[in-house]
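Notes follow once the structure below has been shown.
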Amino acid sequence: MNEELEKRLNQVNVKKFGEDLVQWFEQEMRDLPWRENKDPYRVWVSEIMLQQTRVDTVIPYYNHFMEQFPTVEALAHAPEDDVLKAWEGLGYYSRARNLQAAVREVHEAYEGIVPDNLKEISSLKGVGPYTAGAILSIAYGRPEPAVDGNVMRVLSRILTIWDDIAKPSSRKKFETAVRHLIYKENPSYFNQALMELGAIVCTPTSPSCFLCPVQAHCAAFEEGSQHELPVKSKKKAAKTVELLTVIAENNNGEVLVSQRPEQGLLANMWEFPSFEKSVKNIPDLQMTELLKSDYHIEAVITDEGWMYQDHIFTHLIWKMQVGRARVEEVESQLPENARWVTQSDIEKLAMPVSHRKIANQWKESIEKETKS
DNA sequence: AAAACGTGGTA
DNA sequence: TTACCAAGTTT
């Protein structure tokens, strides 16, 4: 083990630290839907949803998801489209597809019982080192570390660990620390308490050290360096891509949608046909040509006003220019990933936020036109 | 190891 | 407005 870390760990009264932390948690823990019981499936779903996502955002999705897919069996048998739709707006959609694939694996290979050991649970899609430790400790009471961003922040302060927590290699050091510190009498509460403390007290910018149950154990507080920790390097800026998006309507009141590829960005989500904008062509012309070449459709761009919609991802920004097109001829063969759908069909499709906003705006404009 | 992968909230 | 943040995993 790292010498500096070992020195710090030996300065901690492990028994007292665990007791102080867990006692605080028992008193202060938030009343959250996934804390209703220790059903491993419920814990699992919550851990996947909570990845990179705030508690307040997750709660309504979680409640709805557990109503729709209450058990391993229910989720295993559900159509993937339904699962993606239930995830619409949550982001990182591969989480939903991986979760269902993993649940199907549990259903078929483990008789519907979520594995209670590190090797098997880690082999499941979408279950990385954090989630594996979280399920094993919270649902099964196993003394495994569950190191997330909260835990790295809290422990970087408690133990004055100056490693860059943005680097993948840093996580191991924190796992070592947790293995040393973990409260064997209640690993579930210990891990949850570490995260809860990070969420409520030991926050990124202004930690409330005066409220901290383990202030007496904190090396950073003792030397006054809590505001300098953790060390976290910056991520690079997002790139901008300009897109042309088209709402193509036929004479049956239907609109053209297409499903994205099953790999990569927004995999398997539905959208209005979109193209990377060409610098050379004027939008009308490019739209007409691409509808012809990619969808075998003869379309006329209407002169109703263009809409504009931005979509900001972590690593990417779409600047979308949205036009409307009229299609007279619908006999031609659509590509495999495309469909004509009605207004009400659209609401049932899983769409990314930008396309959902466009769909809503389009619906409003239709309703206005109908009135006048 | 570094980049891809979503979204909404906050300073 | 920019920048960072939130219970990470996969490639």
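Numbered from 1 within each chain, the chains take letters A, B, ... in sequence-line order. Keep in mind that this is a model prediction, so the values were computed, not measured.
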Does A:T53 contact B:dG6 through a side-chain donor or acceptor facing the base, at a distance under 3.5 Å? yes
With distance as the sole criterion, do the side chain of A:T57 and the base of B:dG8 form a donor-acceptor contact below 3.5 Å? no
Counting only side-chain N and O atoms of A:H315, is one of them less than 4.0 Å from OP1 or OP2 of B:dA4? no
Can you see if the side chain of A:T314 gets near the phosphate of B:dA4 - specifically, an N or O under 4.0 Å from OP1 or OP2?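 Negative; the distance criterion is not met.
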So if I take residues 91-103 of chain A and measure heavy-atom distances to DNA chain B, which residues fall below 4.0 Å? A:G91, A:Y92, A:Y93
Show, in sequence, the C-alpha distance, side-chain angles and deciding distance for A:S293 and A:E289, and conclude whether the side-chain hydrogen bond (donor to acceptor under 3.5 Å, both in side chains) test is met. CA-CA 6 Å; A:S293 64; A:E289 286 178 359; over 6 Å; no
Note: A:K85-A:E88 ion pair, threshold 4.0 Å (strictly below): yes
If the threshold is 4.0 Å, N to carboxylate O, is there a salt bridge linking A:E19 and A:K15?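 Looking at A:K15 together with A:E19, the answer is yes, because their closest N to O distance falls below 4.0 Å.
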Which is true for [X] with a 4.0 Å heavy-atom rule: it touches a base, it touches only sugar-phosphate, or it touches nothing?
X: A:W87; answer: nothing
X: A:T131; answer: sugar-phosphate
X: A:T205; answer: nothing
X: A:I312; answer: base
X: A:V151; answer: nothing
X: A:L90; answer: base
X: A:K125; answer: sugar-phosphate
X: A:G264; answer: sugar-phosphate

Do other residues, nucleotides or ligands put more than 12 heavy atoms under 6.0 Å from the CD atom of A:E108?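 Count over threshold, so yes.
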Measure from the side chain of [X], starting at C-beta and using heavy atoms only, and say which of [options] lies closest.
X: A:R54; options: C:dG8, B:dG9, B:dT7; result: B:dG9
X: A:K234; options: C:dC4, B:dG6, B:dT7; result: C:dC4
X: A:L266; options: B:dT7, B:dA2, C:dA6; result: B:dT7
X: A:P129; options: C:dT9, C:dA6, B:dA2; result: C:dT9
X: A:K232; options: C:dC5, C:dG8, B:dG8; result: C:dC5

A:W318 and A:F313 aromatic centres sub-6.0 Å: yes
Calculate the interatomic distance between A:M49 atom CE and B:dG8 atom C1'; express it in whole Å.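 The distance from CE of A:M49 to C1' of B:dG8 comes to 16 Å, rounded to the nearest Å.
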Side-chain donor-acceptor contact under 3.5 Å, A:E47 with A:Y130: yes
Taking for each residue the nucleotide of DNA chain C with the nearest heavy atom, is it A:V55 or A:A237 whose nucleotide lies nearer the 5' end?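 Per heavy-atom nearest nucleotide, the more 5' residue is A:A237.
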Are A:F174 and A:L229 linked, directly or through intermediate hydrophobic residues, by side-chain heavy-atom contacts shorter than 4.5 Å (ILVMFWY only)?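 No, A:L229 and A:F174 fall in different hydrophobic clusters.
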Cluster question for you: counting only ILVMFWY and a side-chain heavy-atom cut-off of under 4.5 Å, with indirect links fine, are A:M320 and A:I312 together? no
